[in-house]
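Right, one structure below, let's go through it.
On a predicted model such as this, the values are computed, not experimentally measured, just so you know. Numbered from 1 within each chain, the chains take letters A, B, ... in sequence-line order.
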Amino acid sequence: MSRPSALLGVTTALLLLPGCSSATADGDRQLTVYAAASLTHVFGELEQTYEAAHPGVDVVMVHGGSSELAATILEGAPADVFASANEAQMDAVRTEIATSPQVFATNTLTMIVEPGNPLGLSGLDDLAREDVASVVCAPQVPCGAATLDLASLIGVELAPSSQENSVTDVVGKVASGQADAGVVYVTEAQPSSGVQEVPLAGAAEVVSAYPIAAMAGGHSPDLGPSFVELVLSADGRAVLERAGFGAP
Amino acid sequence: MTGTMPRWMGPLAMIAAAVVVLPIAATVARLDWSRAPELLTTPAAIGALTLSLATAAMSTGLCLLLGLPLGYALATWRSRLKPAVRALILAPLVLPPVVGGLALLYAFGRRGLVGEALEDAGISLAFTTAAVVLAQTFVAMPFMVLATESALGARAGHHEALAGTLGGSRTRTLWQITVPALRPALITGTVLAFARALGEFGATLTFAGSMPGVTRTLPLEIYLQRETDADAAVALAVLLVAVAVTVVALAYRPLAARPTDGAGR
């Protein structure tokens, strides 16, 4: 979606402005965390935990698609930490990494439908039905690649009406009623989004790993590893679990 | 033509040009010329370009067909409400792309104000090329309406009045007097509408979806390609800019530069 990307652009521009870059007016330090969009809620909680434990440090979160974040980091954006929704994007920024990447969470796929499941959909093969308008992620983005893997594992040929750019776009199309069903990460299939989850057989076989690493190019390279530690800690684990993420 | 420009405006004009030209030049500089022919001839690229040109042409046609009457109506309408109505019609120009898409969804989506009734009648716009055309028409219409209205507003209407006294019907007067006189403005409106339709992105993505050959226009293909191959995204972006610049350069002339009977500004 272009809203997060616009936000990202503005945030990056602000970060690049001299004066707002490394310290705020009262001498506070700033820790900049680039994290995949699916981590928005979890990292919001961890941000508060971190700031409570590190007085004087202001954590700034930049969320977006992992590949978009990776591209900005490669263009010189000052990230102290990068948490990616897949290993390919962590690999893309390997020249900027300060500590070796560690997988801190996993995600699997599920199906979402209109609340009440009026069409009685039960599995991926229903998505090939002619009377079902389904949306999936495009094969070029991580959730779409995982969807293709799952479909071929089960032996189903999907016939989507649209291949979206991000998992949040898929949720949006189903929640708005434009589409009857979609395939998303379990962490996105929240009832609060106005969708109902239909667990998929075989979904546990296709696991997306989320790696995290401290980055060298930020303004507080000394603080990065401590945030990574928090994410990997028991506290971090508990927050991730509550949001539906699996253990590495 | 006005007189000679004050000297101090020169540097400002150059900065203005740089603000616009620099990012485009920087994009062209990123282009990998050796890979460009291969990147631009993939089935995905050709499909997206074809769809973009076809939908932009259709929505420009719709803008001309509907925007000209609306511009005419606005120009001749005498009401205190006119500024408010005009401002409302310009809203697509300022709406953030995603909001434009949501607005279309609320109107024409499967559960939308009008969309639900259409759905009951067996007409579904969801995920169709028609939805793309609708999104582009929505964002491009203001250019056509504005061009028509301002050109008409600048005309005194003497010729039309004369045609009327000579017994010409309103329709005949429109085709034989008004439209020829408005030609430069109509061309301006058409070109701007086409360029805007060609670049439409957010409303299409939110409202129409993204499916190769059906709804994935060139801007959507660029956005997706960027995920995996930045070079391909740059090549497609340069192609899009080249098409738009060519169309504008060929068709657009400043209104005042044409010999007209007062149809200009």
_Do A/P160 and B/M211 have side chains that approach each other closer than 4.5 Å (heavy atoms only, starting at C-beta)?_
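Yes, side chains in contact.
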*For chain A, which of B/G209, B/P212, B/S124 has the most heavy-atom pairs under 4.5 Å?*
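Looking at each of B/G209, B/P212, B/S124 in turn, B/G209 comes out on top.
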*Which residue out of B/L105, B/V99, B/L220 racks up the most heavy-atom pairs below 4.5 Å with chain A?*
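Looking at each option in turn, the highest pair count goes to B/L105.
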*asked:* With a 4.5 angstrom heavy-atom cut-off, is it the side chain or the backbone of A/A179 that approaches chain B, or both, or neither?
replied: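 Both the backbone and the side chain of A/A179 come within 4.5 Å of chain B.
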Just how far is it from atom [atom1] of [X] to atom [atom2] of [Y], taken to the nearest 0.5 Å?
X	Y	atom1	atom2	value
B/D229	A/S67	CG	OG	12.0 Å
A/E68	B/Y223	CD	OH	5.0 Å
B/R226	A/Q140	CZ	CD	12.0 Å

*asked:* Quick one: does any side-chain atom of B/S210 pair with a main-chain N or O of A/S162 as donor and acceptor, under 3.5 Å?
replied: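 No.
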_Backbone N/O of B/F207 and side chain of A/K173: donor-acceptor pair under 3.5 Å_ =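 No, the answer is negative, given that no donor and acceptor are paired below the 3.5 Å cut-off.
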*Charged N to carboxylate O below 4.0 Å: is that the case for B/R110 and A/E114?*
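Salt bridge between B/R110 and A/E114, a charged N being under 4.0 Å from a carboxylate O: no.
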*asked:* Counting only heavy atoms not in A/R129 (residues, nucleotides, ligands), do more than 12 fall under 6.0 Å from its CZ?
replied: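 Atom CZ in A/R129 is packed in, count exceeds 12.
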